[in-house]
Amino acid sequence: MQYDQSVLVPGNYKVLLSEEAIQKRLRELGEQITADFKDKRPILIGILNGSFVFLADLIRYVNTDLEVDFIRISSYGDGRESSGHIKILKPLSADINGRAVLVVEDIVDSGLSVQFLRKMLEAFNPSELRFVTLLNKPEKKKVPVQIDYVGFEIEDKFVVGYGLDDGQIKRNLRSIYYIEQE
Ligand code: PRP
């Protein structure tokens with residue numbers, strides 16, 4: 001179903017991934033994740049804030065029992081470039097010792113957040129630790145990272161919508177846009 005959000009979309013925002021393209025890919029990711037985690041009762045850990053829209057949609061394409069938890073970290077603040085300094089703003093609540101864990105990111109850029117999260121979560125001894133990201137920017141990696149499921153590989157453009165913000169707003173857009181520079 002189309003829902004008109006044009007009032008929220010500035011003229012320099014260009015569609016990168018439509019609502020339909022995102023949902024189609026989520027269905028495929030959901031099938032893969034279902035097959036890999038069937039009957040393991042995984043804990044899906046959403047990395048706030050950006051991943052909450054992706055997580056909410058993704059879990060409804062996963063056809064096995066699962067739990068949900070969240071961690072909040074911040075490396076970007078309100079800026080558009082990673083500061084490289086990662087802060088834990090909300091720690092994990094669940095006990096993941098011996099559990100199958102799937103970390104849910106909206107975007108992997110430099111890879112510093114994934115590197116930080118992997119080290120932090122491995123210390124709790126999960127039985128399995130995998131990562132899914134909706135978007136990956138291969139060109140921007142500062143550290144090598146292993147990501148098990150990638151929704152879309154994208155170019156190095158500033159992207160907003162579907163959970164991703166532009167100065168904390170625009171997370172409620174249903175499609176993903178890139179900002180065309182004048
Ligand atoms: C974004 C995103 C990742 C991180 C990726 O979070 O959600 O956590 O940046 O970048 P990296 O690979 O360079 O580490 P951000 O700090 O923008 O916070 P937000 O999710 O609250 O918008």
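Order of appearance sets the numbers: ligands from 1, and atoms from 1 within every ligand. Note that these values count all heavy atoms, side chains included, but never hydrogens, waters or copies made by symmetry. Keep in mind the model is a prediction, meaning the values are calculated, not measured.
- Of all the heavy atoms of Asp106, the ones lying under 4.0 Å from any atom of ligand 1 belong exclusively to the side chain.
- A donor-acceptor contact shorter than 3.5 Å links the side chain of Gln5 to the backbone of Arg174.
- Checking Gln23 against Tyr61 by side-chain atom types alone, a donor-acceptor pair falls below 3.5 Å.
- Judged by the shortest distance from any of its heavy atoms, Arg171 lies inside the 4.0 Å radius around the atoms of ligand 1.
- Taking the charged nitrogens against the carboxylate oxygens, Asp156 and Lys137 do have a contact shorter than 4.0 Å, which makes a salt bridge.
- Some N or O of Gly111 is nearer than 3.5 Å to an N or O of ligand 1, by distance alone.
- Each of the atoms 22 (O) of ligand 1 lies under 4.0 Å from some heavy atom of Asp165.
- Minimum interatomic distance between Ser127 and Gly98 (heavy atoms only, all atoms of both residues): OG-O, 3.3 Å.
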Show me, pair by pair, the donor-acceptor contacts under 3.5 angstrom made by side chains of residues 90-97, not counting sequence neighbours?
unit_1, atom_1, unit_2, atom_2, d
Lys90, NZ, Phe70, O, 2.9
Lys90, NZ, Ser93, OG, 3.3
Asp95, OD1, Asn97, N, 3.1

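- In the candidate list Gly163, Ser51, Ser110, Ser110 is nearest to atom 11 (P) of ligand 1, counting heavy atoms.
- For Arg72, no heavy-atom contact with ligand 1 is shorter than 4.0 Å.
- Residue-level proximity to ligand 1 for Asn49 is carried by backbone and side chain together, each with a heavy atom below 4.0 angstrom.
- The backbone N or O of Val150 sits less than 3.5 Å from a side-chain atom of Arg25, completing a donor-acceptor pair.
- Applying the 4.0 Å criterion to heavy atoms of Leu112 picks out, from ligand 1, the atoms 12 (O), 14 (O).
- Annotation: cation-pi geometry satisfied between Arg130 and Phe37 (NZ/CZ under 6.0 angstrom from ring centroid, within 45° of ring axis).
- Distances between N or O atoms of Gly50 and those of ligand 1 include at least one value under 3.5 Å.
- Heavy-atom contacts of Glu105 reach the following atoms of ligand 1: 2 (C), 3 (C), 7 (O), 8 (O) (cutoff under 4.0 Å).
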